**Q** 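Structure provided below as structure tokens; questions to follow.
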4 protein chains.
Amino acid sequence: MANKILIDLKEDEKYVWKGKGDFHTKDGFIKEADIIEGKNPLITSKGAQFLCFEAQHYDRAQAIRRGPQIIIPKDLGYICSRSGLTRNSVVLEAGGGSGGATLFFAQLVKEVTTYEIRADHCEIIEKNLKPYELTNLTLINKDLAEDVANLEKNKYDLLLLDMPEPAKVLEKDLSCLKSGAFIICYIPSITQIQTITNYCEANETKLYIDEITEVGLRHWKVSGQIARPEHRKINDHTAFLVILRKL
Amino acid sequence: MANKILIDLKEDEKYVWKGKGDFHTKDGFIKEADIIEGKNPLITSKGAQFLCFEAQHYDRAQAIRRGPQIIIPKDLGYICSRSGLTRNSVVLEAGGGSGGATLFFAQLVKEVTTYEIRADHCEIIEKNLKPYELTNLTLINKDLAEDVANLEKNKYDLLLLDMPEPAKVLEKDLSCLKSGAFIICYIPSITQIQTITNYCEANETKLYIDEITEVGLRHWKVSGQIARPEHRKINDHTAFLVILRKL
Amino acid sequence: MANKILIDLKEDEKYVWKGKGDFHTKDGFIKEADIIEGKNPLITSKGAQFLCFEAQHYDRAQAIRRGPQIIIPKDLGYICSRSGLTRNSVVLEAGGGSGGATLFFAQLVKEVTTYEIRADHCEIIEKNLKPYELTNLTLINKDLAEDVANLEKNKYDLLLLDMPEPAKVLEKDLSCLKSGAFIICYIPSITQIQTITNYCEANETKLYIDEITEVGLRHWKVSGQIARPEHRKINDHTAFLVILRKL
Amino acid sequence: MANKILIDLKEDEKYVWKGKGDFHTKDGFIKEADIIEGKNPLITSKGAQFLCFEAQHYDRAQAIRRGPQIIIPKDLGYICSRSGLTRNSVVLEAGGGSGGATLFFAQLVKEVTTYEIRADHCEIIEKNLKPYELTNLTLINKDLAEDVANLEKNKYDLLLLDMPEPAKVLEKDLSCLKSGAFIICYIPSITQIQTITNYCEANETKLYIDEITEVGLRHWKVSGQIARPEHRKINDHTAFLVILRKL
């Protein structure tokens, strides 16, 4: 059976049911047969109400939270729409982290190549992505800065750099990127951006600075007569996105 | 020849070269042969410098600006990442507008069905999307509220509602959506959200309110010793996103 | 002796020393004589370092945190600057709460009249403000809506309404306000604003809607090579400010 | 006669009537006698409707828009509330600009000393503030960095630095500030903040970094059934505020 998401209606809290067995809550248990049937609401043995629905790709991907920090949906979404990804795109990524962005791209586009310099992170990525049996992903345990000049020419539509010193890649021969390809650097601290823009400004016929931006979310509570921003739920700073075009 | 993007280096302004002919600027012209060769920088007949790169999918999609308002990348991206779209997803959309979201989805996912109640908007969509020769899009000139109950069961992963009264669809039989499918309502005014949340709260075993949010961008200027938010470039309010799950 | 603020240098945590006695920390104590002398840094009996400075008006006012919610500095400041308060202004306020705004105004302007409908809140205000021995404050335990029409004509520069139904005051005779006086409504939920704007739009020769706004803060961490928004410190939503002018 | 503010009801546009004479609009004129009487609405000779109210301190202060950039109300307000100003405070300011902040403080607090290094700016300030006949302001055409060590000891509650290199003042003897006094640096670019925090971190027993923040406004349109953020009216970036305490 596929996983299901169970929601405690009283506390508005979500749980994952792993496809098998009764589900035990602090207000009694829910029978496996009821969960499989999936009629809403589910009633626990002590009469508490739960909602359920089948886990979808989003829910499964949310589980990738172990290991190094992942890029979250607010940033992944803008990277996708701002670089015009389609199901025919070819993506090159460095700094695989836990594989969150890798999975996002691999599920969407034709082909993904991911460089990750740390062997332990590569293991985490492989473990996190194993259930997906991805056939369009190449994971390489190496520094992209060493390899980038030797990759197939004119191949990639997007280069995502989630690493401490993206300029070390930018200063290399980038002919593996298509003309007009997007290079997006994911940068936590504003000071790191200066190294990038300084390099681009000194090499203005190589890289064009298209946009430097932050993506923010603001969550709202709308219920009955209430309509106001959520308390204590404003989205935290993650990173700035430096969006370049290959000339 | 494919289109190219030409950038006036002095004014940081972008132009589209339509694949043919010399390009005339206010500082002289650039020869077709030079643009096709594509060496940076291009020099106009009066010595001005331009940059160029090949137009990519993002640049072409940006051209869809005629007719009714489109959903812009900041919102499209979050809709994509927050609903976990993959290249195997099936999307149902109502309120096709100018076809901006339709194109975004059709280029990414397996299959898109778009309802648009106005015949003139359908014509705009068809005209805007014609160059893409999309084979995975069904465009229907009808009110989705009338049809939704009769669509194939358990088929769609995402329902996007960009229309004045989404509750008219929500209150119908939504069994065409998978369990756990995402329903995202694109809502300009906060007061319209109340109609939706009121319906969901009165039908809490049918639809789960997962998140009500706004996506914002903040652009930065980082150049030399300057690092500050851009003046006069903060992104405008577009809409709130009401994110529901089908139970 | 006046109070002093002591700062644990290691944990960046502030404490108030109440003007007397040794100060006990979890890393030993600081001698009263050292605190009175006030040389930085102070060293505890176990060798930990503390900083100290004399508590100023801001620090004392921060202590008003008991009882009903107070209006915080980000909102008080804009109320002050946006209504052009000077030390000669006369302020009328309804919804005294804990006395936070009352204290702010009473310390700045010539005269403050505060209405508070609840007797228990009046007691809290009196207790909180007692140490200040304010001579320019009149505190009235009554509903302003009942009294406002009978107040001295043409007297007040600012009317601040921090109450659930400000329209109940707005619909009364407001001749106690100067022509051009500011009326600022502090409104947590956006839906409550509609009642106000509906009344003003129906009475457009009585009240002019000047601005509806929210004040936000964004805190930054700048230290060594780090320069980024603070994690987990973004300021929460408090209220919208509806700024009207008396015609 | 005092000035009045006239509002074109149809276009929601404000005008200043300078206390004398008929007022000419593009839809006819309004008679002086009608404006002096001040009954709302005023009717022009062509039947157009205007609203009017007496100009208050805020309206007059808004007129200071000539010359170097001023600090606007969103920032002035937070500077006031966050530093706990009262009508007994004593303020030291450097970088007088056009006198906007100077006027704000001089109208609120007991005494203001303003340093402005440029003679032409001093003239602008004097001209802008002349109508106010301020008796609590000392304006000095000099670099504060040269003078600060010689000012009267333990006198000032707030030091506001609106100048390109505030660290040049911070590194001097600051004994003219009370213990616990606020020092607020108004800083347009984030990179300039690093110079300040580096100095403070190297001199941690002299200056305590209390908060680094930005103040933002978000304007709303609430009218009839509409309730959404204003289009094209989001407040621009002005500056970061670095808030220090004198130890």
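Just the heavy atoms: all of them, side chains too, but no hydrogens, waters or symmetry mates, feed the values below. Here the structure is a predicted model, which means the values were calculated and not measured.
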**Q** Does D:Lys172 have more than 12 heavy atoms from other residues, nucleotides or ligands lying within 6.0 Å of its NZ?
**A**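 Yes, enclosed.
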**Q** Is it true that D:Thr238 and D:Lys74 share a donor-acceptor pair across their side chains at a distance under 3.5 Å?
**A**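 Short answer, yes.
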**Q** Can you tell me how far the CG atom of C:Asp162 sits from the CD atom of C:Gln69, to the nearest 0.5 Å?
**A** 9.0 Å
**Q** Sort D:Lys39 into side chain, backbone, both or neither according to what part of it lies under 4.5 angstrom from a heavy atom of chain C.
**A** neither
**Q** Has D:Lys18 got a side-chain atom pairing as donor or acceptor with D:Asn3's backbone, closer than 3.5 angstrom?
**A**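 Between the backbone of D:Asn3 and the side chain of D:Lys18 there is no qualifying donor-acceptor contact (under 3.5 Å).
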**Q** Identify which part of D:Glu211 has an atom lying under 4.5 Å from any heavy atom of chain C, answering side chain, backbone, both or neither.
**A**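 Just its side chain gets close to chain C.
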**Q** Using the side-chain hydrogen bond (donor to acceptor under 3.5 Å, both in side chains) rule, take C:Glu214 and D:Trp220 through it: C-alpha gap first, then chi angles, then the decisive distance, then the call.
**A** CA-CA 8 Å; C:Glu214 289 173 89; D:Trp220 284 76; 2.7 Å; yes
**Q** For D:Ile7, is it the side chain, the backbone, both, or neither that has a heavy atom closer than 4.5 Å to a heavy atom of chain C?
**A** side chain
**Q** Please flag which part of C:Ser83 lies under 4.5 Å from any non-hydrogen atom of chain D: side chain, backbone, both or neither.
**A**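 It is the backbone, since no side chain atom gets that close.
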**Q** Which atoms of C:Ala106 come close to chain D, meaning under 4.5 Å heavy atom to heavy atom: side chain ones, backbone ones, both, or neither?
**A**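 For C:Ala106, backbone heavy atoms alone lie under 4.5 Å from chain D.
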**Q** Give a yes or no on whether the backbone of D:Asp8 and the side-chain of D:Glu11 come within a donor-acceptor separation of less than 3.5 Å.
**A** no
**Q** Does a side chain donor of either D:Ser175 or D:Asp173 reach within less than 3.5 Å of an acceptor in the other side chain?
**A**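 Yes - a donor-acceptor pair under 3.5 Å links their side chains.
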**Q** Heavy-atom pairs under 4.5 Å with chain C are the metric here; pick the option from D:Gln107, D:Lys178, D:Lys246, D:His57 that has the most.
**A**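 Greatest number of close heavy-atom pairs with chain C: D:Gln107.
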**Q** Can you tell me if D:Lys4 uses its side chain to pair, donor with acceptor, with the backbone of D:Gly19 under 3.5 Å?
**A** no
**Q** Any idea which of C:Asp12, C:Leu76, C:Ile190, C:Thr86 has the most non-hydrogen atom pairs under 4.5 angstrom with chain D?
**A** C:Thr86
**Q** Verify whether one side chain among D:Thr102 and D:Glu93 offers a donor that lies under 3.5 Å from an acceptor in the other.
**A** yes
**Q** What are the residues of residues 202-209 of chain C, in order of number, with any heavy atom under 4.5 angstrom from a heavy atom of chain D?
**A**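 Under the 4.5 Å heavy-atom cut-off, C:Glu204, C:Thr205, C:Tyr208 qualify.
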**Q** Pick one of side chain, backbone, both or neither for C:Val109, based on which atoms fall under 4.5 Å of a heavy atom in chain D.
**A** backbone
**Q** Taking heavy atoms only and a threshold strictly under 4.5 Å, list by residue number the residues of residues 194-201 of chain D that touch chain C; give 'none' if the list is empty.
**A**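 Interface residues of residues 194-201 of chain D: D:Gln194, D:Thr197, D:Asn198, D:Glu201.
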**Q** Looking at NE2 of D:His219 and OG1 of C:Thr213, how far apart are the two atoms once the value is rounded to the nearest 0.5 Å?
**A**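 So the gap between those two atoms works out to 4.5 Å.
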**Q** Do D:Tyr58 and C:Ser81 have side-chain atoms, one donor and one acceptor, less than 3.5 Å apart?
**A**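 No, C:Ser81 and D:Tyr58 have no side-chain donor paired with an acceptor closer than 3.5 Å.
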**Q** Most heavy-atom pairs under 4.5 angstrom with chain D, which of C:Asn88, C:Val215, C:Asp75, C:Leu108?
**A** C:Leu108
**Q** Please look at C:Asp59 and chain D and tell me whether the side chain, the backbone, both or neither of the residue comes under 4.5 angstrom of a heavy atom of that chain.
**A**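 The side chain, not the backbone.
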**Q** With a 4.5 angstrom heavy-atom cut-off, could you sort out which part of C:Arg245 is near chain D: side chain, backbone, both or neither?
**A**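 Side chain only.
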**Q** Using the benzene-type ring in the case of Trp, are the ring centres of C:Tyr78 and D:Tyr78 under 6.0 Å apart?
**A** no
**Q** Could you look at C:Leu247 and say if it's the side chain, the backbone, both or neither that has a heavy atom under 4.5 Å from chain D?
**A** both
**Q** Is there a donor-acceptor pair closer than 3.5 Å between any side-chain N or O of C:Asn40 and the backbone N or O of C:Cys52?
**A**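 Looks like yes, one N/O pair under 3.5 Å.
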**Q** Do NZ/NE/NH1/NH2 and the carboxylate oxygens of D:Lys155 and D:Glu111 come within less than 4.0 Å?
**A** yes
**Q** Would you find a donor on one side and an acceptor on the other, under 3.5 Å apart, between the side chain of D:Asp27 and the backbone of D:Gly47?
**A**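 Checked: no pair found.
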**Q** Can C:Tyr15 and C:Thr25 be counted as having a side-chain donor-acceptor contact under 3.5 angstrom?
**A** no
**Q** Between D:Ala227, D:Gly224, D:Gly38, which has the largest tally of heavy atom pairs under 4.5 Å with chain C?
**A** D:Gly224
**Q** Select one option (side chain, backbone, both, neither) describing which atoms of C:Leu9 are under 4.5 Å from chain D's heavy atoms.
**A** side chain
**Q** Look at the side chain of C:Ser98 and the backbone N and O of C:Gly100, then say whether any donor-acceptor pair between them is shorter than 3.5 Å.
**A** no
**Q** May I ask you to name which of D:Gln49, D:Lys14, D:Arg60, D:Lys221 has the most heavy-atom pairs under 4.5 Å with chain C?
**A** D:Lys14
**Q** Rounded at 0.5 Å granularity, tell me how far CD1 in C:Ile183 sits from CG in C:Leu161.
**A** 7.5 Å
**Q** Sort D:Asp157 into side chain, backbone, both or neither according to what part of it lies under 4.5 angstrom from a heavy atom of chain C.
**A**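 Side chain only.
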**Q** Looking only at heavy atoms and a cut-off of under 4.5 Å, which of D:Ser179, D:Ser89, D:Gly84 has the most pairs with chain C?
**A** D:Ser179
